[in-house]
Amino acid sequence: MVTPNQKKITKKMLVTLNGQKTTTPPLWLMRQAGRHLKEYLEIREKAKNFLEFCYTPDLAVEATLQPIRRYGFDAAILFSDILVIPDALGQQVEFVPGTGPKLEAISSFDELEKLSKDGLHDHLSPVYEAIGKICCELPEETILIGFAGAPWTIATYVVEGGGSKNYQKTRKWAYDAPDEFGVLIDILVDATADHLIRQIESGVEVVQLFDSWAGVLPPSQFVKWSIEPAKKIITRIRAKHPDIPIIGFPRGAGLLYQRFVQETGVNAISIDATVPVTWAAKNLQPYCVVQGNLDNLALLTGGPAMEAEVAHILAAFADGPFIFNLGHGILPETPVPHVKKLIELVRGTSVGAA
Ligand code: 1CP
């Protein structure tokens, strides 16, 4: 008889995250849902703004499933955004079309009292409702990944009031008053751990922590603001759900990827496209599953340039557990046929026409 656990472990993503090598690696793409798909642009019109889109379960379910229907990836990633956390904590968050996120900046210790965890779960309940519905609709072999932004990356949006080029206000606050800045990070650690635990309890099978702007931090700051918060979040999750695989993505960490893996104990590490694959195969793969790292520009370009990059990545990681992915999110201009060609290169079988 097959127990539920044994059944689960046949899904390719989970087999790999369990440390076993599969004949061809599982495959999904960061930001696989969204603007490169015409069917996404069609449903995107249905909500009056992006956050409302994220908080409408039927739309979030549909956006999550679209790339699975079209491509049959091994994993779906919940359609949501990392900035639902500051929004749920009471900060004003808005997505300005064509410009990106805009927040009412918080840049002093006194202003931190504007953030409150009291309404977090009520505010995010549509996200958990969407997860429940997605789980019922996914093909049996496809897993669902939940996610959150890591505290450092979220703090840059909270403090700068939006995207930034150099994160100067945030980085200066962290140097000037680490204890005060640490209070903001702790608020975010707590909210993020709660949010990920709720996602798991609603049905996600794996979680990924996106530290998209970790790469701007020098080593001492990286340890303090990327590694330490990740460790706290992972400890909180494992205390309740020890078997849920956790993927870390401290983008741009360079040599510090190794330290991140050793000190946080993540099950898998997602690496960006600048990491030499032979270095990662030698220094990361023996200790955890590696995910990555095709340059999103190579996918956008397609043709021989993409084929050479894919072959190089597959060869480098062939001896251990590996998840094929991009080094960062898919670009909106990426042609669908290039994604199909990529799948064929990785799996050796083609995707149906559509
Ligand atoms: O329709 C639109 O115009 C909105 C575009 C969009 C989409 C499709 C945004 C705005 N967010 C998302 C969805 C999203 N965001 C997902 C789920 C979809 C999927 O992966 O298939 C995920 C995982 C994210 C995560 C996210 N949001 C990150 C971390 C990953 C990364 O790419 O580094 C970050 C930094 C954000 C912030 C964000 N969301 C959206 C914008 C324009 C931005 C700002 C990015 C920046 O500052 O450069």
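Note that ligands are numbered from 1 as they come in the structure, with each ligand's atoms numbered from 1 the same way.
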Exactly one of Gln199, His195, Arg198, Glu201 clears side chain to side chain donor-acceptor pair (under 3.5 Å) with Tyr128, and that residue is His195
Subset of ligand 1 atoms that lie under 4.0 Å from at least one heavy atom of Tyr157: 35 (C), 37 (C), 44 (C), 45 (C), 46 (C), 47 (O)
Work out whether the distance between some heavy atom of Phe249 and some atom of ligand 1 is less than 4.0 Å. no
Looking at atom 10 (C) of ligand 1, what's its closest protein heavy atom, distance included? Phe95 CE2, 3.6 Å
Would you mind running through ligand 1 and noting each atom that sits below 4.0 Å from a heavy atom of Arg35? 2 (C), 3 (O), 5 (C)
Shortest reach to atom 13 (C) of ligand 1 by a heavy atom, considering only Gly34, Ser80, Ala63, Ala76: Ser80
In plain terms, say whether Glu205 and Lys11 are close enough for a salt bridge, that is, a side-chain N and a carboxylate O under 4.0 Å apart. yes
Strictly under 4.0 Å, does any heavy atom of Gly329 approach an atom of ligand 1? no
Using a plain distance cutoff, I'd like to know if Thr153 has any nitrogen or oxygen under 3.5 Å from a nitrogen or oxygen of ligand 1. no
Can you confirm whether more than 12 heavy atoms, excluding those of Gln168, are under 6.0 Å from its CD atom? no
How does Leu78 reach ligand 1, by side chain, by backbone, by both or by neither, if only non-hydrogen atoms under 4.0 Å count? backbone
Check for a donor-acceptor pair, side chain of Arg251 on one end and backbone N or O of Ser212 on the other, with a separation under 3.5 Å. yes
Measuring from the heavy atoms of Pro101, does anything fall under 4.0 Å of ligand 1? yes
Out of Tyr40, Trp213, Phe50, who gets a non-hydrogen atom closest to atom 1 (O) of ligand 1? Tyr40
State, without any angle test, whether Thr274 and Asp272 hold a side-chain donor-acceptor pair at a distance under 3.5 Å. yes
Going by the order shown, which atoms of ligand 1 are within less than 4.0 Å of some heavy atom of Phe210? 23 (C), 29 (C), 30 (C)
Is there a donor-acceptor contact under 3.5 Å from the side chain of Thr334 to the main chain of Ile330? no
Backbone or side-chain N or O of Ala33 under 3.5 Å from ligand 1 N or O: yes
Pairs of nitrogen or oxygen atoms closer than 3.5 Å, one from Arg251 and one from ligand 1: do any exist? no
For Arg44, which part has a heavy atom under 4.0 Å from ligand 1: side chain, backbone, both, or neither? side chain
At what distance is the nearest protein heavy atom to atom 36 (C) of ligand 1, and which residue and atom is it? Arg31 NH2, 3.4 Å
Under 30°, 30 to 60°, or over 60°: which ring-plane class applies to Phe317 and Phe322, parallel, tilted or perpendicular? parallel
Got a second to check how far Leu112's CG is from Gln91's CD, nearest 0.5 Å? 10.0 Å
Do me a favour and list the nearest non-hydrogen protein atom to atom 32 (O) of ligand 1 with residue, atom name and distance? His328 NE2, 3.1 Å
Nearest-option assignment for atom 37 (C) of ligand 1, heavy atoms, candidates Ile330, Leu209, Asp81, Leu37: Asp81
re atom 22 (C) of ligand 1, the protein heavy-atom contact at minimum distance is Phe147 CZ, 3.6 Å
Do Asn49 and Tyr55 get their side chains close enough for a donor-acceptor pair, meaning under 3.5 Å? no
Pick one: which of Asp122, Asp190, Asp186 meets salt bridge (Lys or Arg N to Asp or Glu O under 4.0 Å) with Lys117? Asp190
Can a side-chain donor-acceptor contact be found between Lys169 and Thr156 if the only test is distance below 3.5 angstrom? no
Name the option, out of Ile154, Ile82, Leu326, that contains the heavy atom nearest to atom 25 (C) of ligand 1. Ile82
Looking only at side chains, do Gln221 and Trp152 share a donor and an acceptor under 3.5 Å apart? no
Among all protein non-hydrogen atoms, which one is nearest to atom 33 (O) of ligand 1, and what is the separation to 0.1 Å? Ser212 OG, 2.5 Å
Would one find more than 12 heavy atoms of other residues, nucleotides or ligands at under 6.0 Å from atom NZ of Lys133? yes
Considering only the protein, which heavy-atom contact is closest to atom 18 (C) of ligand 1, and what is its distance? Phe79 CD1, 3.8 Å
